[in-house]
**Q** 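Pasting a structure here, questions to come.
Given the structure is predicted, the values throughout are model-derived calculations rather than measurements. All values below were derived from every heavy atom in this structure, side-chain atoms included, with hydrogens, water molecules and symmetry-related copies excluded.
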Protein chains: 2
Amino acid sequence: MARRNDHTHEQIRQLALARLGEHLSNGPLANMSLRKLAQAIGYSPATLINVFGSYDQLLLSANADTLDQLAARLIEQQPQHATPQQQLLSFAETYLQFARQHRYRWQLLFEHRLPDEEAVPDWQQQRINRLFAVIESALAQLVPTQTAQQLQLAARTIWASVHGICALALDDKLFASSDIRVENMIASLIRHYVSDWQQQ
Amino acid sequence: MARRNDHTHEQIRQLALARLGEHLSNGPLANMSLRKLAQAIGYSPATLINVFGSYDQLLLSANADTLDQLAARLIEQQPQHATPQQQLLSFAETYLQFARQHRYRWQLLFEHRLPDEEAVPDWQQQRINRLFAVIESALAQLVPTQTAQQLQLAARTIWASVHGICALALDDKLFASSDIRVENMIASLIRHYVSDWQQQ
DNA sequence: ACCTGAACACCGTTCAAGT
DNA sequence: ACCTGAACACCGTTCAAGT
């Protein structure tokens with residue numbers, strides 16, 4: 001085999017994840033496979049299993065990258081001197097933009113499940129909690145007297161709702177007349193929910 | 001082959017869909033296959049391909065059944081003498097209940113995609129529009145002066161939001177402290193969105 | 001010690017051959 | 001005419017054998 005010892009495990013990790021990323025910017029995971037991925041980087045399928053443990057864990061690593069990219073984008077695009085409402089709207093719009101730009105990566109993030117239903121690993125949970133913190137902070141500015149639990153509930157309700165709108169819109173499952181745009185749905189959600197929520 | 005001519009095509013359809021339904025009440029689609037399904041009903045894989053056209057179209061037929069079951073449940077559980085707000089809340093709660101009870105069927109409905117991204121067939125779109133009509137009717141009672149387009153936008157925003165909450169909750173992707181329940185998120189969404197929306 | 005070719009147990013689909 | 005066994009081109013994973 002030609003490539004033996006050409007790369008460390010860590011380098012093989014990066015090669016595989018980068019190549020998978022390229023694929024996911026063009027097509028769905030269903031068009032990729034462990035064998036194709038291995039061939040594309042010049043290693044055998046068994047090498048990738050050695051390095052990642054399994055194809056499922058390789059995909060989990062790709063999802064970790066996706067969460068990092070999403071978090072970076074959300075935080076860098078977050079306006080600092082805007083009203084809390086505008087911050088929440090901007091957050092949701094950035095989320096939609098990311099989902100559109102990285103459609104297949106984003107699908108993989110939500111549709112890949114570990115075979116034994118084992119819990120999502122801690123490092124992944126922490127990445128997600130960091131994103132919720134941004135929403136909770138905007139909500140806390142809006143109504144400083146809210147309890148932590150009320151903030152948690154509202155932040156999760158908003159994010160899950162925005163997520164649902166993006167997910168169904170990207171899959172064309174809303175079947176609305178053509179003049180109904182997903183941006184307007186997101187704006188409608190944030191405006192109406194937040195207006196009433198801040199009146200307690 | 002033993003079963004030749006034992007059943008009409010229509011009977012084979014029903015056998016296969018019923019057997020797939022049994023499987024989906026116990027586990028995810030990933031644990032099923034065309035070959036296993038064919039063996040379970042005593043036919044060859046090629047027979048199922050003859051009858052359905054492909055495994056993908058077989059799954060599409062299963063999704064049509066799911067939409068019919070969901071629509072029946074939503075319509076029969078819809079309270080007639082409740083306020084529009086209560087109707088919307090009841091609608092969302094029934095949706096959650098269905099997603100929980102038929103978890104793997106429901107996953108298949110939203111995650112199965114035709115390989116060539118071809119449009120969802122008309123009969124499926126009509127089934128979905130029938131469900132939106134129920135939401136739009138409750139919203140129209142709330143504010144009779146809304147335009148059809150405003151009703152469409154609000155109905156789709158609400159449904160996509162409820163869907164997102166259910167989808168993430170069922171996959172344990174919300175990571176909230178244990179005292180935050182998904183029912184409270186749905187109630188929060190409906191209450192706050194609808195309260196502000198009806199003030200136009 | 002590290003890597004992988006070959007084998008294993010699958011998969012959806014096709015079609016020539018059988019009834 | 002209808003059906004399907006066998007073949008085809010895949011798949012993820014394992015592990016004995018090679019370097």
Side-chain angles (χ1 to χ4, degrees), chain A residues 1-17 19-20 23-24 26-63 104 107-108 111-118, chain B residues 1-17 19-20 23-24 26-63 104 107-108 111-118:
Chain A
M1 185 61 196
R3 308 289 292 265
R4 183 192 299 271
N5 279 339
D6 274 9
H7 303 97
T8 65
H9 272 207
E10 185 52 34
Q11 286 172 321
I12 294 176
R13 273 187 73 89
Q14 299 310 322
L15 279 173
L17 291 175
R19 189 62 196 76
L20 177 58
H23 170 81
L24 289 176
N26 297 320
L29 180 72
N31 297 346
M32 178 45 76
S33 72
L34 176 65
R35 295 174 102 108
K36 286 182 191 166
L37 187 59
Q39 191 179 18
I41 64 168
Y43 280 88
S44 75
T47 298
L48 285 182
I49 296 219
N50 274 345
V51 171
F52 286 93
S54 68
Y55 188 43
D56 272 318
Q57 286 174 266
L58 189 160
L59 298 178
L60 202 63
S61 298
N63 283 344
Y104 299 113
Q107 273 176 14
L108 179 59
E111 292 179 12
H112 177 252
R113 294 178 184 90
L114 293 176
D116 42 7
E117 298 277 359
E118 81 188 23
Chain B
M1 184 64 195
R3 308 291 291 266
R4 182 192 299 270
N5 279 337
D6 274 10
H7 303 97
T8 65
H9 271 206
E10 185 51 34
Q11 286 172 322
I12 294 176
R13 273 187 75 89
Q14 298 310 322
L15 279 173
L17 291 175
R19 188 62 196 77
L20 177 59
H23 170 82
L24 289 176
N26 298 320
L29 180 72
N31 296 346
M32 179 45 75
S33 73
L34 176 66
R35 294 174 101 107
K36 286 182 191 167
L37 187 60
Q39 190 178 20
I41 63 168
Y43 280 88
S44 75
T47 299
L48 286 183
I49 297 219
N50 274 345
V51 171
F52 286 93
S54 69
Y55 189 43
D56 271 319
Q57 286 174 267
L58 189 160
L59 297 179
L60 201 64
S61 297
N63 282 343
Y104 300 112
Q107 273 177 12
L108 178 60
E111 293 181 12
H112 177 252
R113 294 179 184 90
L114 292 177
D116 41 6
E117 298 277 359
E118 80 186 25

**Q** Compute whether any side-chain donor of one residue and acceptor of the other, for N50(B) and H9(B), lie under 3.5 angstrom apart.
**A** no
**Q** Less than 4.5 Å apart, any side-chain heavy atom of Q39(A) and any of R35(A)?
**A** no
**Q** Looking only at non-hydrogen atoms, find the nearest pair between I12(A) and T47(A) and report the distance.
**A** CD1-CG2, 4.0 Å
**Q** Using a heavy-atom cut-off of under 4.0 Å over every strand shown, decide if D56(A) touches base, sugar-phosphate, or nothing.
**A** nothing
**Q** Can you find a side chain N or O atom of S33(B) that sits less than 4.0 Å from OP1 or OP2 on dC11(C)?
**A** yes
**Q** I need the D56(A) CG to R113(A) CZ distance, nearest 0.5 Å.
**A** 12.0 Å
**Q** Would you mind pulling out the nucleotide paired to dC3(D), Watson-Crick or G-U wobble, both distances under 3.5 Å?
**A** none
**Q** Measure the distance from CZ on R35(A) to P on dT13(D) and round it to the nearest whole Å.
**A** 11 Å
**Q** Without hydrogens or angle criteria, can the side chains of Y104(B) and H23(B) be said to hold a donor-acceptor pair below 3.5 Å?
**A** no
**Q** Rounded off to whole Å, could you give me the CD-to-C1' distance for the Q39(B) and dC10(C) pair?
**A** 13 Å
**Q** Rounded off to whole Å, could you give me the CG-to-C1' distance for the L34(A) and dT13(D) pair?
**A** 9 Å
**Q** Is H9(A) close enough to dA1(C) that one of its side-chain N or O atoms is under 4.0 Å from OP1 or OP2 there?
**A** no
**Q** Provide, to the nearest angstrom, the distance between the CD1 atom belonging to I41(B) and the C1' atom belonging to dC3(D).
**A** 14 Å
**Q** Provide, to the nearest angstrom, the distance between the OH atom belonging to Y43(B) and the P atom belonging to dC3(D).
**A** 8 Å
**Q** Counting Watson-Crick and G-U wobble pairs only, both distances under 3.5 Å, name the nucleotide matched with dC10(D), or none.
**A** none
**Q** Return the value, rounded to whole Å, for the distance between atom CG of L48(A) and atom C1' of dT13(D).
**A** 12 Å
**Q** Nearest-Å distance, CG (L29(B)) to P (dG12(C))?
**A** 9 Å
**Q** Could you please name the option among dT14(D), dT13(C), dC15(C) that lies closest to any side-chain atom of S54(B)?
**A** dT13(C)
**Q** Measure the distance from NZ on K36(A) to P on dC11(C) and round it to the nearest whole Å.
**A** 18 Å
